[in-house]
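The next block holds one structure in the form of structure tokens; read it before the comments.
Letters A, B, ... mirror the listed sequences (proteins, then strands); counts begin at 1.
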Amino acid sequence: MIDSWYLFWPGWVSAWLIAGLLPLVGIPLLARRQVFLGVTVAQTAGLGVVLALSIGAALATTPEVQELPRRTEPATNAADPLDAFMREEGIEPETPLPETAYQHSHQPAWAESNWFRLIAAMALALIAAVATGCCRGDAVLGWLFVGASAGSVLLAAQSPHGMQEVERLLGSTLITATPGDAVLLSALSCAAVVGWVALRRQLLLWTLEPVVASAFGMRPRLTGTGYYAFAGIALGASMYASGLTYTFAALLLPLLAANNLVRRIRTLLILAPVVGVTTSLFATLVAHQYDLPPGPVFALLAAGLAMLTVPVRHFRA
Amino acid sequence: MTQQPIVHVADSVLGYLGRSVLTVSNFRAFDGEMVAVLGENGSGKSTLLLALSGALKPIRGRIARDVSRHEVGYLPQSAEIGSLLPMTVAEYVSLGLTTGQRASASKLKSALSAADIQDLADAQASALSGGQRRRMMLARALVRSPRLLLIDEPEAGIDTKTRDFILVQLQELAQRGACVVMATHDQAWAGLAQRRYLLADGVVRGEST
């Protein structure tokens, strides 16, 4: 794992950060019986990514047909870590391009950037989370999930590389996460920790009894909007970096496992992220060892752990 | 000198989303007294309590309050503790210390003692019986050291022992200068109040002292 660190670290670090961040985001959702809001918002973030790809494709201009220079030698670059890795692994370098004419379209730089897709994912997720946060029923969440799923596939079908992106988001391979994603997720993790430390009682009272919170002088609507906006941004960023399976698994499963083990909410706030990060560390190790996508490995490990801790809950009760 | 009411509702219409539930021509409550709000189910008792707390804005009119929102205690009819999160009784009671309130172990301890649940401090909140839950909710309201305590149907789902205990606590609180407003069906509880309001047909029918 260490020898591949320089190649995969953004994906691994992003995965660990998501596994620490999302259990903190998920506590109010679990208590308010809104866990499916998590998967719906994540799916809507996926729609945002595909929408950004489509916008980029729509804005693309096609230049004159041009002749590309023929490459006669295998394209290797000693300084490129990917080429170095391929050489070490004995993978054949890229075959020379055939001598032919290519037509290449150009998108505006901003439309091609990762940040554009990430912002689109977070924006749609934020809107979806704030709009559906007030709904206690599953029907609206189901409606939005189906709409976002179908919309993603239909848009992707019309967009170059669109279906690849949909597959990446569903499969949770984590290989496309960037250092920028890791930095953003670090900032969100810090914000979640600070939020819980500073506003623990307010958040819990709003979660459990918003009417009492209002009678006690809180502003539940403001608290709710703030929480759902943050949840939307966190889920959008996680979805973009890690995909649907990993995002939903990280939101729910470490929290369920920790919930079965503790008697105090205070302990839950510490243990849930610890369980998430530890499981994620182990999952990335297993995935790397057996060449598997880390998202599904994490989901299965965390689901197993949550199931194993159920008897502890009964014993504790 | 005339005493200033701690809360005064005059010529106001209360309700939700623009739909009128209760018309109040004159409602007053003073420091150091117990006030009973009587009425059938659906007469608007809970609506009036929420408006007194400041959680519900009147559709029309205004509510004058000589008390900070941080000095208001509120006991709803039932507690939404939920069994999905682990939470001890002490943690639940400490949720009363949300805004403008400093958390301290002594404050928490004294609220638990006042509600006679100090032995249950480490018990799971969701595992308590109905009467114990009511005491726990009372402790959460008392931990705020309220000047205005609003209780929605204090007689709901409790045994005689708990009922007598809560009554004594409320009387002691009023003797210490707080105002206790309780919405109730029970004439026995109403009999202890210095001021009574009857709600019927969407209006506050009358005041008796």
Structural part of B:Leu95 lying under 4.5 Å from a heavy atom of chain A: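 Backbone plus side chain of B:Leu95, per the 4.5 Å heavy-atom cut-off to chain A.
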Checking heavy atoms, do the side chain of B:Ala51, its backbone, both or neither come under 4.5 Å from chain A?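 Neither part.
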Please rank A:Val212, A:Leu256, A:Leu199, A:Val211 by heavy-atom pairs under 4.5 Å with chain B and give me the top one. A:Val212
Other residues, nucleotides, ligands: >12 heavy atoms within 6.0 Å of [X] [atom1]:
X: A:Phe36; atom1: CZ; result: no
X: B:Glu40; atom1: CD; result: no
X: A:Phe282; atom1: CZ; result: no

Please check if the side chain of B:Arg69 supplies one atom and the backbone of A:Ser214 the other of a donor-acceptor pair under 3.5 Å. yes
Work out which heavy atom in B:Arg144 is nearest to a heavy atom in A:Phe216; give both atom names and the distance. NH2-O, 3.1 Å
Mind listing the closest non-hydrogen atom pair of A:Arg263 and B:Asp122 along with its distance? NH2-O, 2.8 Å
Could you walk me through whether A:Leu268 and B:Met87 pass the side chain to side chain contact (heavy atoms under 4.5 Å, CB included) test, one step at a time? CA-CA 9 Å; A:Leu268 180 70; B:Met87 186 179 280; over 6 Å; no
If you measure from CD on A:Glu209 to CE on B:Met137, what distance do you get to the nearest 0.5 Å?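 Answer for the CD-CE pair, A:Glu209 versus B:Met137, is 6.0 Å.
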Measure the spacing between CG of B:Leu85 and CG of A:Leu255 and express it to the nearest 0.5 Å. 7.5 Å
Might you work through the side chain to side chain contact (heavy atoms under 4.5 Å, CB included) test for A:Leu204 and B:Glu91, ending with a clear yes or no? CA-CA 10 Å; A:Leu204 287 172; B:Glu91 283 183 316; over 6 Å; no
Residue A:Arg266 versus chain B: region with a heavy atom under 4.5 Å: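 Both parts, backbone and side chain.
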Heavy-atom pairs under 4.5 Å with chain A are the metric here; pick the option from B:Pro76, B:Gly54, B:Ser94 that has the most.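 Answer, by heavy-atom pair count under 4.5 Å with chain A: B:Ser94.
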